[in-house]
Amino acid sequence: MIKLEKISKFYQVGDEQVTALQDISFPIEKGKLTIILGPSGSGKSTLLNILGGMDQSTAGKFLFEGENVTQFDDHQLTDYRRKVVGFVSQFYNLVPSLTALENVAIAARLTANDHRAEEYLAKVGLKQRLNNFPSQMSGGEMQRVSIARALSKKPEMLLCDEPTGALDTKTSLRIMKILQEVAKTSKTAVIVVTHNPSFERYGDCIVRLRDGRVESIKRNPVPSEIGEDVK
Ligand SMILES: Nc1ncnc2c1ncn2[C@@H]1O[C@H](COP(=O)(O)OP(=O)(O)OP(=O)(O)O)[C@@H](O)[C@H]1O
């Protein structure tokens, strides 16, 4: 079970205390797509960083499969980031001098999974692009490599920070479709932070943040499927 219990994060800026998150509580389900929406400054990135073990909360508990991540020491956090979490960002972060296959293989090696890099690229529809360098791919293709790279670690949780932020509508839908399929066909908890409210209908659970608090939590018993035509 993955659960946030009254997570708060405060920053001290000079004499002022900035509240990034306040009393955030909600469960996250594996095998489901959770969408986190909210205006700029509402705390989305802070929350993602806490879920990814890249930042620690000031108060509250983050429970992951019975363990309290909030109390992890640096060594445990490194292990958690390496083995549990996959991360996809708006900027792809691919190594320009490595091909698609090599970009995925280096990350997969962290979990001794590098022999499967090709399989993960096939999963995101890039079987024909294995030997292309990032400069030879479109934004959508680079994002698919970055998803394959994250998946090759077999993460229990896939965190996506504005994964479609730099992409056009059709390519964005293609990426959302892949993320929807990952959630549906694996036991991975897929969490997508987005500014785009039209993606709400594709998630199993939609969490809206405002001013660092949970404004609403909605569940879609039957999320909309993204049409085959975008594939
Ligand atoms: N390192 C920091 N020091 C001080 N304040 C911070 C820090 N990081 C974030 N904040 C503040 O915390 C609040 C939440 O920021 P956060 O980046 O999580 O919002 P966001 O919803 O991801 O915004 P955006 O959509 O613009 O990326 C903001 O008021 C921000 O200014």
Side-chain angles (χ1 to χ4, degrees), residues 2-28 32-64 69-74 77-78 80-81 84-94 139-140 142-143 146-147 150 155 157-169 171-173 175-176 179 183 189-219:
I2 310 171
K3 208 172 168 194
L4 296 162
E5 284 182 5
K6 286 185 162 280
I7 287 287
S8 295
K9 177 77 184 179
F10 308 114
Y11 292 102
Q12 197 66 37
V13 182
D15 292 341
E16 221 185 303
Q17 183 173 269
V18 177
T19 302
L21 295 172
Q22 176 107 50
D23 291 334
I24 301 285
S25 300
F26 63 91
I28 294 171
K32 303 275 183 199
L33 175 59
T34 299
I35 307 253
I36 299 180
L37 282 168
S40 186
S42 59
K44 305 182 299 296
S45 301
T46 307
L47 183 59
L48 218 59
N49 288 339
I50 290 172
L51 288 171
M54 291 166 283
D55 200 358
Q56 284 285 35
S57 61
T58 316
K61 280 187 196 168
F62 166 31
L63 302 168
F64 189 92
V69 181
T70 331
Q71 288 177 343
F72 279 2
D73 60 26
D74 283 350
L77 274 179
T78 303
Y80 169 80
R81 281 193 299 268
V84 175
V85 184
F87 200 83
V88 171
S89 92
Q90 182 179 344
F91 306 107
Y92 324 131
N93 300 326
L94 302 181
M142 285 194 275
Q143 190 57 298
S146 119
I147 293 172
M157 194 158 58
L158 181 64
L159 301 174
C160 311
D161 196 0
E162 296 278 2
T164 64
L167 302 173
D168 62 67
T169 307
T171 312
S172 297
L173 285 174
I175 295 296
M176 287 305 290
L179 295 173
V190 182
I191 297 143
V192 174
V193 159
T194 177
H195 269 107
N196 192 337
S198 69
F199 289 164
E200 183 174 325
R201 74 187 94 131
Y202 305 124
D204 295 285
C205 178
I206 298 90
V207 178
R208 280 179 185 277
L209 298 182
R210 183 171 293 274
D211 297 332
R213 293 177 179 270
V214 173
E215 184 180 56
S216 65
I217 298 179
K218 195 178 112 187
R219 278 171 223 286

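As the structure lists them, so they are numbered: ligands from 1, and atoms in each ligand from 1. What you see is a predicted model; the values in this text were computed from it and never measured. The analysis underlying the following values was restricted to heavy atoms, covering all of them including side chains, and did not include hydrogens, waters or symmetry mates.
Within the structure, side chain to side chain donor-acceptor pair (under 3.5 Å) contacts touching residues 34-54 (residues at least two apart or in different chains) do not occur.
In this structure, CG on Leu51 lies 12.0 Å from CG on Leu158, to the nearest 0.5 angstrom. Put simply, OG on Ser89 and CG on Leu48 are 10.5 Å apart, with the number rounded to the nearest 0.5 Å.
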Any protein N or O within less than 3.5 Å of an N or O in ligand 1? List each pair with its distance, or say none.
from, atom 1, to, atom 2, distance (Å)
ligand 1, 18 (O), Thr46, N, 3.0
ligand 1, 18 (O), Thr46, OG1, 2.5
ligand 1, 19 (O), Gly43, N, 3.2
ligand 1, 21 (O), Gly41, N, 3.4
ligand 1, 21 (O), Ser42, N, 3.1
ligand 1, 21 (O), Ser42, OG, 3.4
ligand 1, 21 (O), Gly43, N, 3.0
ligand 1, 21 (O), Lys44, N, 3.0
ligand 1, 21 (O), Lys44, NZ, 2.9
ligand 1, 22 (O), Ser45, N, 2.8
ligand 1, 22 (O), Ser45, OG, 2.8
ligand 1, 23 (O), Gly41, N, 2.8
ligand 1, 25 (O), Lys44, NZ, 2.7
ligand 1, 25 (O), His195, NE2, 3.4
ligand 1, 26 (O), Ser40, OG, 2.5

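Of all heavy-atom pairs between Gly212 and Ile24, the closest is O-CD1, 3.2 Å.
Across Val85, Val190, Val192, Val88, a single residue satisfies side chain to side chain contact (heavy atoms under 4.5 Å, CB included) together with Leu159, and that is Val85.
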Worked verdict on Phe87 versus Asp161 for side chain to side chain contact (heavy atoms under 4.5 Å, CB included): CA-CA 8 Å; Phe87 200 83; Asp161 196 0; 4.2 Å; yes
